[in-house]
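To start, the structure under review is shown below, and the notes come after it.
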Amino acid sequence: MVRHVREFAQAEIAPLAPQLDRKPSFPWKTLKMMGELGLLGILTPEAYGGAGLDMLSYVVLLEEISAADASHGTIMSVTNGLPQQLLLKYGSEAQRQRYLPKLASGEWVGSFCLSEPHCGSDAAAMTTRAKKVDGGYLLSGTKAWITSGGEAQLYLVLAKTEPSAGARGVSCFAVEKTEGMVFGKPEEKLGQHAAVTTTLTFDRCFVPEENLVGSEGQGFSMAMASLDSGRIGIAALAVGIARAAFEAARDYAGEREAFGRPIREFQGISFKLADMVTKLEAARLLTHRAAWQQDRARRVTREASMAKLFASEAAAEITHHAVQIFGGYGYSKDYPVERYFRDARVTEIYEGTSEIQRVVIGRQIFKERVR
Ligand code: CAA
């Protein structure tokens with residue numbers, strides 16, 4: 001399966017990446033193909049239309065897609081890792097039956113709404129309100145940095161049902177796209193242009209009570225637990241971008257000549273490549289370890305944050321070195337490495353900044369009594 005997905009990603013997705021970067025559009029055509037291959041419901045059991053594979057398989061396949069194009073990787077990671085994981089773990093049977101087959105097949109894309117314009121890292125400070133009314137809830141407030149905003153058909157939205165209760169007052173809702181939801185214009189970002197990002201405003205938007213996921217007040221813990229697996233996905237995505245950058249730099253160093261010989265023969269270049277491949281493999285191993293541990297139903301809060309922290313910072317460093325090895329050409333859009341450099345940057349930010357990963361790891365050291 002890995003070879004098949006690699007061939008698919010390199011043949012169908014990689015050639016689109018430069019164009020999607022320059023003239024972004026949501027890549028529905030290739031997403032449908034990914035859905036047919038089972039890549040949009042990898043962890044969802046076959047009974048709900050998914051591929052029923054494990055987390056280790058998921059990260060290996062996500063690396064392949066992300067090495068071809070990071071925007072596809074982000075859309076894949078969010079729809080697999082957050083809404084489907086939340087519904088699988090905490091959703092009612094009716095919610096699973098209704099939403100999982102659509103998401104897993106790629107007929108629908110799923111999204112996750114936690115951050116708000118004034119709060120990202122301090123997620124519990126959200127002010128979006130879900131007010132109980134007859135038969136359901138009225139949602140009011142603005143969510144920010146919504147991956148696939150306006151394109152996704154299902155949004156897992158975190159909102160406060162009990163504003164005075166802090167994190168314990170947060171609940172989660174499965175919200176189908178309706179006309180009452182107002183999407184902002186796509187954010188103009190440094191990279192990953194085809195993974196459209198918008199705000200989403202609710203103005204007394206009615207959500208039926210059967211769309212509450214889990215119970216009232218459980219939303220924050222559910223979101224955090226889902227981010228544990230989501231962050232393993234972002235680590236895999238960073239590994240994919242870093243691998244593409246390393247391979248491009250390795251090949252270029254073999255072809256480009258300076259002072260009468262290929263530049264790979266200069267120690268300044270070969271040492272850089274040695275550091276790049278060592279960091280790449282270390283990042284991959286941390287990612288695989290976290291995934292392996294999740295497959296054994298162990299809590300992965302620390303391992304997921306360690307994998308995301310290390311892999312995203314490694315990707316930033318590896319893509320930086322790749323641009324340097326390409327010299328002037330690395331700074332030009334004629335080669336892909338400047339795109340890898342821009343695409344990698346957000347992996348240090350979304351699904352929890354590197355600083356938040358350090359907070360999480362630091363807390364877990366003492367909770368788990370790590371030696
Ligand atoms: N698993 C299960 N429960 C968890 C948990 C986890 N990993 N982490 C925390 N919780 C629970 C706690 O046990 C606690 O529950 P109780 O009150 O019942 O004890 C509750 O959640 C609150 O926990 P904290 O006191 O630790 O909460 P905090 O306010 O101190 O915040 C934080 C902790 C780690 C800073 C958290 O706010 C955080 O992770 N912030 C970053 C948010 C983030 O990653 N945003 C990314 C947006 S999503 C995105 O980017 C998706 C996309 O589209 C690309």
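Just so it is clear, the values below take in all heavy atoms, side chains as well, and ignore hydrogens, waters and symmetry mates. First listed ligand is number 1; within each ligand, the first listed atom is number 1.
Residue-ligand proximity, S121 to ligand 1, at heavy-atom distances under 4.0 Å covers atoms 35 (C), 37 (O), 38 (C), 40 (N), 41 (C). Within ligand 1, the atoms closer than 4.0 Å to a non-hydrogen atom of S115 are 47 (C), numbered from 1 in the order shown. In summary, the atoms of ligand 1 found under 4.0 Å from a heavy atom of T301, numbered by their order in the structure, are 7 (N). The distance from ligand 1 to the heavy atoms of R299 drops below 4.0 Å at these ligand atoms: 1 (N), 5 (C), 6 (C), 7 (N). The A123 neighbourhood of ligand 1 comprises atoms 37 (O), with distances under 4.0 Å to a heavy atom of that residue. Contact atoms of ligand 1 toward F112: 48 (S) (distance under 4.0 Å to a heavy atom of the residue). Atoms of ligand 1 lying under 4.0 Å from at least one heavy atom of G120, given by number and element, are 42 (C). Close approach to V360 involves these atoms of ligand 1, each under 4.0 Å from a residue heavy atom: 34 (C).
Only the side chain of L227 comes within 4.0 Å of ligand 1, judged by heavy-atom distances.
Ring orientation note: the planes of W108 and Y99 are tilted relative to one another, at an angle of 30° to 60°.
Here R98 pairs with E176 under the side chain to side chain contact (heavy atoms under 4.5 Å, CB included) rule; sequence neighbours left out.
Members clustered with L138: V133, F206, by chain and number, using a 4.5 Å side-chain heavy-atom cutoff among hydrophobic residues.
F246 has its side chain out of reach of T319: every pair of non-hydrogen atoms, C-beta onward, lies at least 4.5 Å apart.
Under the 4.0 Å criterion applied to side-chain N and carboxylate O atoms, E36 and K32 are not assigned as salt-bridge partners.
Comparing G81, S221, G217 against atom 3 (N) of ligand 1, the shortest heavy-atom distance belongs to S221. The option with the heavy atom closest to atom 24 (P) of ligand 1, from among R363, M224, R231, R168, is R363.
The nearest protein heavy atom to atom 42 (C) of ligand 1 is closer than 4.0 Å.
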